[in-house]
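So the structure is just underneath, and the comments pick up after that.
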Amino acid sequence: MIRRTGEQGRIRLDWKGDNLRKFLFIGLVAASFLMILVYNAFTPMMTDDLTYAENVSRANSFWDLIRQEKYQYMTWTGRSVNHMLLRMFLTGDKWFFNICNSLAFVLLSLFMYYNVERKKKHDVFVYLLIQLFLWIFAVSFEQTVLWQTGACNYLWGSMIIMGDISVFRYCMKNDFDGLSQIAPGVGLFLLGILAGWCNENTSGGGILLLGIWIGCYIWKNRRVRAWMLSGVAGNLIGFLLMVLAPGNANRAQYMEEEHSGIFALISRWQKCNLAIREHFFILLAIAIVAFILVRLQKAKWERSGNMLLYFFVFAATCYALVLVPEPMGRAYFGAGIFLTVSCVQGIVDVADIDLYLRALKLGMVSVLTMYFLFDYMDCGANLMRIYRESEERFRYIEEQREAGNMDITVPLLRPDFQNKYSDAYNSELSAEDSGYWVNVAYAVYFHVDSISAVPREEWDGEE
């Protein structure tokens, strides 16, 4: 990229070809990290963050954290990998989490990028498209990426799963055999346990994808590698440890459903359909258009293989939620990751055979970039305002507690600051009921008797 020219050895930059793409690609990755870091920094702790933080504060060692997680495994949920991450982050400063969470977001996007085939080396267009799709279309971004508890469950879970898939793909490309299978076999087994133990439907989708790859490899080569078996075995062990957790059966007792029998299944299926329409309609439309364009170009069916495979895994990951009475919207986050890879692959598969198709691709990414930048600045300003008011509220509660006041009234957040990148309003205190679970979580975290809330215009700041 840097060349020495002329008699006096002057240095100039070579801004041509691969060097320019590499420079832009690295710059884009760095910009992606900084942009998500800003949003992480201005996302305050909320609801479950406070509950877990109070619980973690009673741990005196790492083994105490493990004992706490064991208790949750036995009584509430089997997602121990995600919640151990959360507990460890809550033992430190929020800034450490902000940096690590931003790295996890960038790693997830890079793993997605790695799984797109037939791209250029250091393909800026593909990576930018992945980032735009994540920011604009990711399911419940404010809960699954920025909210600390949600990020450990969904962003980190999906990052680990896509990391496992990427390592497995790398091993398939190199087709390790003989003694060279030992290292990938051990590594994939251990990584597979983590990936299988992350999230019920997304981990299941990852196992399905690996199973299809192994099946295709056996069909083509009439053999199977030891590291393939150890990798999928690790995934299955982690998955079973998660879904067979005693806490899952205990939590299921609190789930209510309007229908039973066959009507319950029909109702769940319909709810999945509605959720898919709500969360993925635009991405589905993009995937369909891309697929039609590829077919009109009369490309071989193998060209659409990766797109169709990820689309199939997306659909399976979504409809696996039929097994759950009432899944939260954020449970579709991992499925959206698979669909995003499918969409981007479809766009890459469309050959740039004429000016109009090149203009369509560049025009689409340019318009999305412009939309995102305007949205980023507007929502970012409101995030800062919400963070400021949340921090003021936290400080006020601590001041009142130090003054001996154990029944504290605080102002609600101003409604004008609400935006799609903040979950603060879904996690807001109740103005009517100090016994509301969010109010109780605040009171327990700050070790006071009660916390009430009033609209800011009715709050005088005095107790």
Side-chain angles (χ1 to χ4, degrees), residues 47-48 77 79 112 132-147 149-151 153-155 157-158 161 198-206 208-209 243 248 251-292 307-346 368 371 375 379 418-428:
T47 56
D48 286 0
T77 179
R79 294 182 187 172
M112 295 167 69
L132 290 171
F133 281 4
L134 283 174
W135 277 94
I136 298 172
F137 302 120
V139 176
S140 302
F141 194 99
E142 74 285 2
Q143 294 183 348
T144 55
V145 175
L146 298 174
W147 175 38
T149 302
N153 274 277
Y154 298 98
L155 170 61
S158 296
I161 293 165
C198 282
N199 183 278
E200 292 82 358
N201 62 326
T202 312
S203 292
L208 175 62
L209 180 61
V243 299
N248 290 330
R251 185 173 56 172
Q253 299 176 11
Y254 298 93
M255 297 181 180
E256 297 181 357
E257 198 165 10
E258 183 179 356
H259 305 286
S260 60
I262 187 65
F263 293 104
L265 290 176
I266 294 173
S267 175
R268 294 179 189 183
W269 184 270
Q270 177 63 1
K271 288 176 183 176
C272 280
N273 289 333
L274 295 175
I276 290 171
R277 182 181 68 181
E278 177 185 355
H279 297 306
F280 304 122
F281 184 84
I282 296 177
L283 284 180
L284 287 171
I286 293 172
I288 291 170
V289 171
F291 181 73
I292 290 173
M307 177 195 180
L308 293 175
L309 176 57
Y310 269 94
F311 190 90
F312 174 71
V313 174
F314 150 75
T317 304
C318 284
Y319 285 108
L321 293 170
V322 170
L323 301 173
V324 182
E326 194 70 39
M328 301 292 289
R330 54 181 177 261
Y332 290 88
F333 177 80
I337 299 302
F338 294 136
L339 178 58
T340 298
V341 175
S342 177
C343 279
V344 174
Q345 183 65 70
L368 284 176
Y371 168 81
D375 209 34
C379 294
Q418 187 168 4
N419 65 90
K420 69 179 184 179
Y421 290 112
S422 175
D423 194 49
Y425 293 87
N426 294 325
S427 308
E428 181 60 309

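For L323, the side chain to side chain contact (heavy atoms under 4.5 Å, CB included) test picks out no residue, with sequence neighbours left out. With sequence neighbours excluded, no residue forms a side-chain hydrogen bond (donor to acceptor under 3.5 Å, both in side chains) with T77. Applying the salt bridge (charged side-chain N to carboxylate O under 4.0 Å, His left out) criterion to E200, with sequence neighbours excluded, gives R79. For D423, the side-chain hydrogen bond (donor to acceptor under 3.5 Å, both in side chains) test picks out Q143, N426, S427, with sequence neighbours left out. In this view, Q270 and N273, L274 satisfy the side chain to side chain contact (heavy atoms under 4.5 Å, CB included) rule, not counting sequence neighbours. I266 is linked by a side chain to side chain contact (heavy atoms under 4.5 Å, CB included) to I262, counting only residues two or more places apart in sequence or in another chain. Taking F137 as the reference, F133, I282, L283 meet the side chain to side chain contact (heavy atoms under 4.5 Å, CB included) condition, with sequence neighbours excluded. Not counting sequence neighbours, T317 has no partner by the side-chain hydrogen bond (donor to acceptor under 3.5 Å, both in side chains) test.
Side-chain atoms of Y421 come within 3.5 Å of backbone N or O of W135 as a donor-acceptor pair. The main-chain N or O of A331 is found under 3.5 Å from a side-chain atom of N201 such that the two form a donor-acceptor pair. In terms of modelled atom types and a separation under 3.5 Å, the side chain of T144 and the main chain of V139 share a donor-acceptor contact.
The side-chain heavy atoms of F291 and M307, taken from C-beta on, include a pair separated by under 4.5 Å. The shortest side-chain heavy-atom distance between M112 and V344 does not fall under the 4.5 Å cut-off.
Other residues, nucleotides and ligands contribute only 12 or fewer heavy atoms inside 6.0 Å of the OH atom of Y371.
Contact record, G205 with V313: O-CG1, 3.4 Å, taken as the closest heavy-atom pair. Of all heavy-atom pairs between K420 and D375, the closest is CE-OD2, 2.8 Å. The two residues G334 and T202 come nearest to each other via the heavy atoms CA-OG1, 3.5 Å. The minimum heavy-atom distance between S140 and G329, with the atom names listed, is OG-C, 4.4 Å.
With rounding to the nearest 0.5 angstrom, the CD1 atom of I286 is 11.0 Å from the OG atom of S342. To the nearest 0.5 angstrom, I161 atom CD1 is 11.0 Å from L209 atom CG. Here the CD-OG1 distance, from E428 to T47, works out to 11.0 Å after rounding to the nearest 0.5 Å. Here the straight-line distance linking atom CD1 of I136 with atom CG of L368 works out to 4.5 Å at 0.5 Å rounding.
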Evaluate side-chain contact (heavy atoms from CB on, under 4.5 Å) for N153 paired with R330, printing each intermediate quantity in order.
CA-CA 10 Å; N153 274 277; R330 54 181 177 261; over 6 Å; no

Show your working on side-chain contact (heavy atoms from CB on, under 4.5 Å) between C198 and S203 and close with a plain yes or no.
CA-CA 6 Å; C198 282; S203 292; 3.7 Å; yes

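Sorted by first and then second residue, the ring pair (Phe, Tyr, Trp, His ring centres under 6.0 Å) pairs involving residues 321-342 (not counting sequence neighbours) are H279-Y332. For residues 307-329, the set of pairs meeting the ring pair (Phe, Tyr, Trp, His ring centres under 6.0 Å) definition, not counting sequence neighbours, comprises W269-Y319, F280-F314, F311-F314.
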